[in-house]
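All remarks here apply to the structure that follows.
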There are 4 protein chains.
Amino acid sequence: MAVRKRDALTVTEQARRAQIVHAAIDTIAETDYARASFTAIARRAGLSSTGMISYHFAGKQDLIDEVMRTVLADFTDFVVARSAADTAAGRLAAFIVANNEFLREHRNHLVAMLRIQTAAPDSENAGILAASDRAKLADLLASGQRAGEFRDFDTDMMAGFILSLRNGVIARTAAEPGFDLATCTSELLTAIRSATEV
Amino acid sequence: MAVRKRDALTVTEQARRAQIVHAAIDTIAETDYARASFTAIARRAGLSSTGMISYHFAGKQDLIDEVMRTVLADFTDFVVARSAADTAAGRLAAFIVANNEFLREHRNHLVAMLRIQTAAPDSENAGILAASDRAKLADLLASGQRAGEFRDFDTDMMAGFILSLRNGVIARTAAEPGFDLATCTSELLTAIRSATEV
Amino acid sequence: MAVRKRDALTVTEQARRAQIVHAAIDTIAETDYARASFTAIARRAGLSSTGMISYHFAGKQDLIDEVMRTVLADFTDFVVARSAADTAAGRLAAFIVANNEFLREHRNHLVAMLRIQTAAPDSENAGILAASDRAKLADLLASGQRAGEFRDFDTDMMAGFILSLRNGVIARTAAEPGFDLATCTSELLTAIRSATEV
Amino acid sequence: MAVRKRDALTVTEQARRAQIVHAAIDTIAETDYARASFTAIARRAGLSSTGMISYHFAGKQDLIDEVMRTVLADFTDFVVARSAADTAAGRLAAFIVANNEFLREHRNHLVAMLRIQTAAPDSENAGILAASDRAKLADLLASGQRAGEFRDFDTDMMAGFILSLRNGVIARTAAEPGFDLATCTSELLTAIRSATEV
DNA sequence: CATGAATGAGGATTCATTCAT
DNA sequence: CATGAATGAATCCTCATTCAT
């Protein structure tokens, strides 16, 4: 990175960045945003120096931004892959299920994302991503309303509610080790169906 | 505090502590949990040195704990005072409305509380308060179920959902300056009624 | 003290100073020279403010100096009162015995003195007192030599040795709670007699 | 040290640590234990910031412990190397001589050690080292007693006396610039011989 | 590319001391 | 005289970042 612009990263560079990003995710999720220092991240990544991180990232903010980008990309891929359904209601349910499945498989990703969002709200992406996320969900809801599947509600608000519920599930998973995610998912599906159906 | 162990606080001391606590709340809410250093808090409180904070609080954790205690006390008083209603559904609605009213009047209190909860999960109160909060709400829901006002759902889960929704409203208020809280409240009331009614 | 010179202290002033000095002695002896802060001393003295100490003493050094003066005065009085004997050897033995008795009765005084001497050697008195102490003891030894009771040795050196032995006893009493002072005293008497007799 | 936990020290690191340790020794010996702050030590070591010390040592206690270890290792090597003799009395005399020679050549080492021992009694090594030191000397004395070289005395007490005498010599060397160490040594040898011989 | 040593700003905290009441 | 609140310098320590090798 030093001299070269942002355009092309070598394979090695990409691998190193990914390695560091994942170490950062685990460190943030398993300890604390405040305690996720370069030293802690380098240690977890098996790096011998924090200089390595500074070499591959323009600064701490850049690393955090990349963490957000990575988590969101992984998350979106995962959710999109299993959100296919014939009806809007079906896609909404699939979205909820996919969210909770991703949470079960990649707890640290989402916990890290949540911590970054609320602890460092001026991250380049934090706010923007949340908004675009919400916009996509609002579109889904609107299409469901047009199809007569959903009752009449403010789609932006309802999208916000649904994402809040998802965030709440993440927070509770983070805080309570033995949280019953299966029951939660089914209760959540029922609640959201009741709240949205016509 | 220097010499005295801890018995009763003088009037002056209570005033100073309150002043510092409020400066801490505003600093956390308006910048960042990470950036809420003693220096930043002292500057906002108009203190001549960070030593003043250490003089009045046993340490940073003590200050943060007091912030949580203060916010929660104010919040609880406010909500309790306007949660009277004949039915469980009425009390639940009043709870939602009171939450959003408090948020409108004391935005910084709730934003600070939310940031502390997710950024510093080892705070004395953070986890405990969340759990006891949820338990009280679950009780309300259970009494509504017994009275036939609410459908059959897992009360602990539903209580978590409702608090998640509230937290989401706080987060969005924090992130979007012009967020329409009135619309949000009415939409939220409808959604929660739909999700809980029999 | 504020305005008035050093000449006359009122009775109350003297009492306060003595109270503070004794609290300082106990604090230094029971914890650490470094941890003997004004706050710790004031707490032990039952004072409500460290300002009280600053009011009665010109500064920390002044307090420490007064501690040294007090300990030494008490110590000297005690030792002189029981050092009467017909021979120099007798007076030397009485000196040793008196030292160890004082140590048994006023352990904290001597431990504090020792700590101050080695931790803060630039105290006004520390060095001077040690020297004058040694000089007096050397005089005693010289008179014993003239009387033919002691062999020929460098009296200044021997005085230093004897005081070193005494300091060692203090240090060991300070470090080992169950140290057997009685045995130590008798062994010490024998050793010193052997080392000095003709 | 930042990232690496602790395996082997690089050459550079060992050099830096040694440099800092020696700066600490000199600072403690030439001023005061209390005034041996990281700032003072860093200044003397020619470091650009106190952060450098924290980079190489886990904390102040770690530095102080290393100082003790270093001084004691140097001291022990020196003394052991010249304590060979046929008789216990010879080894005792050699011990005394070696002590005073080391003191002449490495005054600061011993002054620092003495100050640490009496000022910071909770140092990892302070008390333990003193006790093990004394035990070794007591063994020597006991073997001399068995060989009929020494009279009957409590070996633990006598060992304590001898170490007290050595500490006294250190203290006096520290306090009096022009102290006559040669005379002191010969007087001390005579005194100890008289006190121990049969 | 990678390493590890170095840097210096900033973190919380403690302390002796001052001063209005 | 006594109180306790206030001050600001100094403490140890952590951190992101830089740079020579």
Side-chain angles (χ1 to χ4, degrees), chain A residues 1-2 10 12-13 16 34-42 47-63, chain B residues 1-4 9-13 15-16 34-42 47-63, chain C residues 1-2 10 12-13 15-16 34-42 47-63, chain D residues 1-4 9-13 15-17 34-42 47-63:
Chain A
M1 289 236 334
T10 70
T12 325
E13 264 176 351
R16 267 271 179 274
R35 256 171 293 203
S37 64
F38 275 18
T39 301
I41 295 169
L47 268 49
S48 55
S49 162
T50 64
M52 199 76 278
I53 302 178
S54 290
Y55 178 79
H56 285 285
F57 294 89
K60 183 148 199 183
Q61 191 56 50
D62 186 31
L63 170 58
Chain B
M1 286 230 349
V3 169
R4 234 172 41 260
L9 300 175
T10 67
V11 165
T12 325
E13 184 155 32
R16 266 272 179 273
R35 252 172 295 205
S37 66
F38 274 17
T39 304
I41 295 169
L47 303 174
S48 60
S49 99
T50 66
M52 197 75 275
I53 301 178
S54 292
Y55 178 77
H56 287 285
F57 293 88
K60 184 148 199 184
Q61 191 58 50
D62 187 31
L63 170 58
Chain C
M1 289 235 332
T10 70
T12 325
E13 265 176 350
R16 268 272 179 272
R35 257 171 293 204
S37 64
F38 274 18
T39 302
I41 295 169
L47 268 48
S48 55
S49 161
T50 64
M52 199 75 277
I53 301 178
S54 290
Y55 178 79
H56 284 285
F57 294 89
K60 183 146 199 183
Q61 191 57 49
D62 186 31
L63 169 58
Chain D
M1 284 233 348
V3 170
R4 236 174 39 261
L9 300 173
T10 67
V11 165
T12 326
E13 185 157 31
R16 265 274 179 270
R17 282 176 68 97
R35 251 171 297 204
S37 65
F38 274 16
T39 304
I41 295 169
L47 302 174
S48 60
S49 97
T50 66
M52 195 76 272
I53 301 178
S54 293
Y55 178 77
H56 286 285
F57 293 89
K60 183 147 198 182
Q61 191 58 51
D62 187 32
L63 171 57

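Numbers restart at 1 for each chain; the letters A, B, ... are given by sequence-line order, proteins then strands.
Separating the CD1 atom of A/Ile53 from the C1' atom of E/dG4 is a distance of 14 Å, rounded to the nearest angstrom. Counting to the nearest Å, the P atom of E/dG11 and the CD atom of B/Gln61 are 18 Å from each other. In this structure, B/Ile41 places its CD1 atom 15 Å from C1' of E/dG10, rounding to the nearest Å. Rounded to a whole Å, the CD atom of D/Glu13 is 13 Å from the C1' atom of E/dT3. The NZ-P distance, from B/Lys60 to E/dT14, rounds to 15 Å in whole Å.
Taking only side-chain nitrogens and oxygens, D/Arg16 never comes nearer than 4.0 Å to OP1 or OP2 of E/dG4. For E/dC1, neither phosphate oxygen OP1 nor OP2 lies less than 4.0 angstrom from any side-chain nitrogen or oxygen of A/His56. Neither OP1 nor OP2 of F/dA10 sits under 4.0 Å from any side-chain N or O of D/Ser37. Taking only side-chain nitrogens and oxygens, D/Ser49 never comes nearer than 4.0 Å to OP1 or OP2 of E/dT7. Under 4.0 angstrom from either OP1 or OP2 of F/dA5 there lies at least one side-chain N or O belonging to B/Tyr55. For A/Ser48, a side-chain nitrogen or oxygen approaches OP1 or OP2 of E/dT3 to under 4.0 Å.
Heavy atoms of D/Phe38 sit under 4.0 angstrom from primed sugar atoms or phosphate atoms, though from no base atom.
One can find a donor-acceptor pair under 3.5 Å joining the base of F/dC13 and the side-chain atoms of D/Thr50.
Between C/Ser49 and C/Tyr55 the shortest side-chain heavy-atom distance does not fall below 4.5 Å.
Across every non-hydrogen atom of C/Ala36 and C/Lys60, the tightest pair is O-NZ, 2.8 Å. Contact between B/Gly59 and B/Phe38 at its shortest, heavy atoms only, is C-CZ, 4.2 Å.
The side chain to side chain contact (heavy atoms under 4.5 Å, CB included) test with C/Ile53 is passed by exactly one of C/Thr39, C/Asp62, C/Leu63: C/Leu63.
Counting only distance, with no hydrogens or angles, the side chain of D/Arg17 and the backbone of D/His56 share a donor-acceptor pair below 3.5 Å.
Comparing B/Thr39 and D/Leu47 against DNA chain E, the residue whose closest nucleotide sits nearer the 5' end is D/Leu47. A residue-by-residue look at A/Met52 and B/Gly59 shows that A/Met52 has its nearest nucleotide of DNA chain E further toward the 5' end.
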task: Taking Watson-Crick and G-U wobble pairs with both distances under 3.5 Å, convert DNA chain F into its dot-bracket string, 5' to 3', dots for unpaired and | for cross-strand pairs.
output: .||||||||||||||||||||

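Note that the CD1 atom of B/Ile41 and the CE atom of B/Met52 stand 14.0 Å from one another [nearest 0.5 Å].
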